[in-house]
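Lettering of chains follows the sequences in order, A, B, ..., and the numbering in each one begins at 1. Note that the structure is a prediction, hence the values are computed from the model and not measured.
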2 protein chains.
Amino acid sequence: DQQQQDTKKSSIMRILVATDNHLGYLEKDPIRGDDSFNSFEEILQYAHKLKVDMVLLGGDLFHDNKPSRSCLYRTMELFRKYCLGDTPIKLQFLSDQAVNFFNKFHTVNYEDPNFNISLPVFSIHGNHDDPTGEGGLAALDLLSVSNLVNYFGKTENIDDITIYPLLIGKGETKIAIYGLGNIRDERLYRTFQKQQVKLMKPIESKGEWFNILVLHQNRVAHNPKNYVHEQMIDNFIDFVLWGHEHECLINPQPSSIGEFHITQPGSSVATALSEGESKEKFVGLLEVYKNQFRFKPYPLNTIRPFVLDTITLADSKINPTENEEIATFLENKVEAMIIMAKEKAAGKPSENLLPLIRLKVDYTGYSTINPQKFGQRFTGKVANPNDILLFTRKKPTSSKKQQ
Amino acid sequence: DQQQQDTKKSSIMRILVATDNHLGYLEKDPIRGDDSFNSFEEILQYAHKLKVDMVLLGGDLFHDNKPSRSCLYRTMELFRKYCLGDTPIKLQFLSDQAVNFFNKFHTVNYEDPNFNISLPVFSIHGNHDDPTGEGGLAALDLLSVSNLVNYFGKTENIDDITIYPLLIGKGETKIAIYGLGNIRDERLYRTFQKQQVKLMKPIESKGEWFNILVLHQNRVAHNPKNYVHEQMIDNFIDFVLWGHEHECLINPQPSSIGEFHITQPGSSVATALSEGESKEKFVGLLEVYKNQFRFKPYPLNTIRPFVLDTITLADSKINPTENEEIATFLENKVEAMIIMAKEKAAGKPSENLLPLIRLKVDYTGYSTINPQKFGQRFTGKVANPNDILLFTRKKPTSSKKQQ
Ligand SMILES: [Mn+2]
Ligand SMILES: [Mn+2]
Ligand SMILES: [Mn+2]
Ligand SMILES: [Mn+2]
């Protein structure tokens, strides 16, 4: 009946999930300096538009462990602008706040009566913004002590990890969020092997919780002992927000082993000119009702257009001594990529942004040309004129950056 | 009659004045690391005890231009603890907040409806915490954007300075606070000489304002062109809060030239083992009713006891070759000073703190001894074992530190 419908509707927990915002990335670059802030602001605007109950972030909110003053300032400005206001919070915080949060005030930010919080943000730390400052403080602790963000998932002893979840209710729905801020992958692997990663299930309301794990670790195995394998994740977990991997794989994939689903939103700003980062980027709306969830991706429309392509000089049949002809060939290719970038961004807020262009050139049998010099002709047309070209040879070594 | 009495009473503006808190000074020192925070906390506790309407700070809130994460964290923690709450603010803010304050929210902190501010703090910057960060940002801007402190007195053009006062009313009392954050003294001197320091008087309620100037500059002339002379201060000013000079001269001194009074609270933590810093330290309660003021000093009881003395080796008549005897002589003197420090602190919260001891030794006709080595025997008895002794000669060169 209608009443049941209403109860159900008011029991749907709406969570916006995002990660790896890398605020401050290239902040001094005259072209790209605002990119990380613009996309993060778009995320906060989505939170408003979608009337979510909370935002859940998966780490690497900051690009630098010690964000510049200006970066901290802009970040605080954004949180103050979007997270305070009169919209009432419909969540009940059910776990011990003194256990979940580390500052002296021991409260989830919206329950502090001195602040009018309208949008609670919960975040773990990543490897870029981990708590390695004096006193084990992270940049996120400054957002926590100023009550702008609920920072959780800090571990005291990385050899013996106990995670007490945030327990949050909304009507009939009860969620438990297990946060695991980044730990060096090799160390965490070892702790998992020793069965010393313990997720503490609440005693109350057994079986009624929708269990979310938020982590910021390698998902791709760079070597056999420096990533988190799905089988290491407890079987009672229902949903995983995976941070750290920058490629956007937003649609929840069922685990091949457990019964949970994994969303990997990826970064909201490209910090590498790689295949993974060149794909369209999304954030996700996770709706939970009791033990069921629904998920919908939302595209980030402020992302600077980025086109990546690969070319093999040998296929051009140009004589390797004809340097001019080779340069023109590459130039034409880059011009075509710029047009493609324009088409990709058409109609979006990002359409007036200079694009990122990366052309991988297999130059086997040819010599390289100076990428900086080549890029000069694209100044004012491309956001990254200095590194458009990347020369590779037949047996390219895979290069992986820390994300 | 009673009603008039009540109107008068509710029109008295109560302002706690303090300056040069140098938060973070020696924060890594295992003995003295907390000193700056402890005394600043005592100041905020005075603000509560005395039920003041506001706290007015004269600059050098932070010791380092780039305070450590831990320092920023502890500072924010203190402001959040003491400046938020339910006590109603009885002030009317009358000037254009967008002109007075620099952040995007353009509001005095207690008028932002999203924060429950109970104790407004107003501060200019000093030379230690001036806005030299990216984007002309000071550490105080982080406290401003997080709405914990009202930062004012930032100048855009130091060759042409226009100061728009904060205009604040309480009942029948109206005050105008002119803030001038620190500028290099030589530059400011020149701007004064060119008559380019303009204090903008409000058009409204002419003659009704109690005019306060807050500045952070040399008061002592280190050379003829690098200080602010009283005659440079506009005659309509009634009261001056002088920051930067660390010696506590709390009782308002009438100006020898104008008709104003000057309070110089001095630093709340000794950053030099000098005569000026060894005196008792105070903050002040400034009460203003219409054009009259009353002022009362309050001692800081958390200040680490500090005894400074001078001794001339020649007076001892000890044979200059008798090194042992000289050392014993100085040791006895230091022991006596430690006892004196204990007596000074008796009954205060500071009585269990190890004292600062500085003995200036005129060694004319004698040789020096190694101060570090000498200090070893006072480890655990003195807060500064490494620099108890300072050797000087008959014609000592005066050493002045930046404050
Ligand atoms: Mn990462
Ligand atoms: Mn990342
Ligand atoms: Mn100073
Ligand atoms: Mn100072």
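The shortest heavy-atom contact between A:Y73 and B:D141 is CE1-O, 3.3 Å.
For B:N103, the parts sitting under 4.5 Å from any heavy atom of chain A are the backbone and the side chain alike. Using a 4.5 Å cut-off between heavy atoms, B:K28 touches chain A through its side chain atoms alone. Proximity to chain B involves both the backbone and the side chain of A:N147, based on heavy atoms less than 4.5 angstrom apart. B:S144 touches chain A through its backbone: at least one of N, CA, C or O sits under 4.5 Å from a heavy atom, while the side chain does not.
Counting heavy atoms of neighbouring residues, nucleotides and ligands inside a 6.0 Å radius, atom CG of B:N157 exceeds 12 of them. For A:K49, the NZ atom is densely surrounded, since the number of other residues' heavy atoms within 6.0 Å is greater than 12. A:Y164 OH: 12 or fewer foreign heavy atoms inside a 6.0 Å radius.
Interface remark: of the candidates B:F105, B:F115, B:F79, B:F105 forms the most heavy-atom pairs closer than 4.5 Å to chain A. Each of A:N114, A:I117, A:N116 has some count of heavy-atom pairs under 4.5 Å with chain B, and the biggest count is that of A:N114. Chain B forms the most heavy-atom pairs under 4.5 Å with one residue out of A:E77, A:K66, A:M76, and that residue is A:E77.
Interatomic distance, CG of B:L84 versus CG of A:D112, reported as 7.0 Å (0.5 Å rounding). If you take SG on B:C71 and CG on A:L137, they are separated by 11.5 Å, rounding to the nearest 0.5 Å.
Side-chain contact check for B:R69 versus A:P67: some heavy-atom pair is nearer than 4.5 Å.
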